[in-house]
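A, B, ... follow the sequence lines: proteins, then strands. Residue 1 opens every chain.
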Amino acid sequence: MSIPSSWYLILSAILFGIGIFGVLVRRNVLVMFMCIELMLNAANLSLVTFSRTLNDVGGQADVFFILVVAAAEVVVGLGIVVTIFRRRATANADEISSMKG
Amino acid sequence: MNTMMVLATTKTIPDLLVFFVGAAMILVGAVGVIISRNPVHSALCLVLTLFGVAVLFIEQQADFLAVVQVIVYAGAIVVLFLFVIMFLGVDRTEELGEDRLRGQRPFAVALVLLIVASIVALGSEAKWSGGASSVVGPNQGPYQNVADLGKAIFTDYLFAFELTAGLVVIAVVGAVVLARRSADSNSDDADAQLLSAQGQPEGVDQ
């Protein structure tokens with residue numbers, strides 16, 4: 001294992017930044033959701049890197065739980081998107097500006 | 001000594017190669033997610049990023065997580081995304097040109113640069129000491145990853161594991177409740193909206 005861990009951390013910071021940029025700029029709700037997944041993957045990558053650097057399996061256990069929570073989050077989030085689409089017939093975040101059902 | 005150095009250098013080249021291939025997959029896929037006009041293309045670029053992350057997991061000897069990453073993320077979550085995209089019929093190109101909020105994009109670029117720079121600065125300034133170097137148990141080398149992780153999850157993290165079971169059940173029930181059509185609502189109207197799938201926001205008056 002000769003790759004220094006700082007390379008992985010910088011890579012995950014860049015990935016996190018790309019995810020933030022997508023959430024801020026894109027208007028499609030589904031693409032915003034995918035960008036949130038990008039940010040979760042950046043966090044997972046840095047956790048695995050720390051698990052290797054500190055020689056502790058606990059970081060990998062954290063990533064395992066993050067995977068489970070991400071799956072549950074995607075299921076509920078896409079259910080909400082489908083429900084919003086039934087009401088408004090749009091997936092554009094600019095047009096979902098009212099909380100009135 | 002000399003053979004050790006030779007071994008070290010021969011070990012470095014494949015590691016570097018794998019790292020750069022994985023990093024290229026991650027970055028190309030991530031940029032593709034945010035610049036694709038079609039949501040289907042975004043989902044496929046997301047698959048590329050997730051595979052790149054799995055490659056880097058393997059490079060860091062997290063074998064089990066790499067497999068789970070491919071199965072759960074690429075196999076289940078992205079398929080769910082694609083299913084919803086097809087189901088809603090939003091697989092049309094989206095205009096990326098105008099923003100409703102003026103100057104949103106330069107502000108977003110500035111904010112992202114600030115955040116990435118501060119993360120990198122924090123990481124380079126921090127003292128990575130930590131307390132005990134091994135709280136749960138060390139990585140016992142290759143071929144032991146699944147056993148180590150399983151032991152950690154089923155002993156030290158057992159309560160959290162049981163909580164995730166409850167969370168998954170709640171998520172499944174919640175998704176069914178959200179996606180279900182209520183019997184008394186005008187479901188024909190909803191079907192018509194779903195079929196027409198026009199972009200204008202419709203006031204809800206029912």
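- Within the 4.5 Å cutoff, side-chain heavy atoms of Phe21(A) are placed close to those of Arg105(B).
- Applying the side-chain contact (heavy atoms from CB on, under 4.5 Å) rule to Val28(B) yields the partners Leu48(B); only residues at least two apart in sequence or on another chain are considered.
- Atom CG in Leu47(A) sits 10.5 Å away from atom CD in Gln60(B) (nearest 0.5 Å).
- Separating the CG atom in Leu50(B) from the CG atom in Leu38(A) is a distance of 7.5 Å, to the nearest 0.5 Å.
- Looking only at distances, a side-chain donor or acceptor of Arg86(A) sits under 3.5 Å from a matching main-chain atom of Ala179(B).
- One distance of note links CZ of Phe16(A) with CD1 of Ile115(B); it measures 7.0 Å at 0.5 Å rounding.
- For the atom pair CG of Leu67(A) and OG1 of Thr164(B), the computed distance is 11.5 Å after rounding to the nearest 0.5 Å.
- Separating the CG atom in Leu78(A) from the CG atom in Leu178(B) is a distance of 11.0 Å, to the nearest 0.5 Å.
- Across every non-hydrogen atom of Met34(A) and Pro39(B), the tightest pair is CE-O, 3.8 Å.
- With 3.5 Å as the limit, one finds no donor-acceptor pair spanning the side chains of Gln60(A) and Asp148(B).
- Distance check: Asn44(A) CG to Phe57(B) CZ gives 5.0 Å after rounding to the nearest 0.5 Å.
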Ile34(B) vs Val25(A), side chain to side chain contact (heavy atoms under 4.5 Å, CB included): CA-CA, chis, key distance, verdict: CA-CA 8 Å; Ile34(B) 64 170; Val25(A) 166; over 6 Å; no
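- Using a 30° and 60° split on the angle between ring planes, Phe161(B) and Phe64(A) fall in the parallel class, below 30°.
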Under 3.5 Å donor-acceptor pairs involving side-chain atoms of residues 64-85 of chain B, not counting sequence neighbours:
{"residue": "Gln69(B)", "atom": "NE2", "partner": "Asn41(A)", "partner atom": "OD1", "Å": "2.7"}
{"residue": "Tyr73(B)", "atom": "OH", "partner": "Glu37(A)", "partner atom": "OE1", "Å": "3.0"}

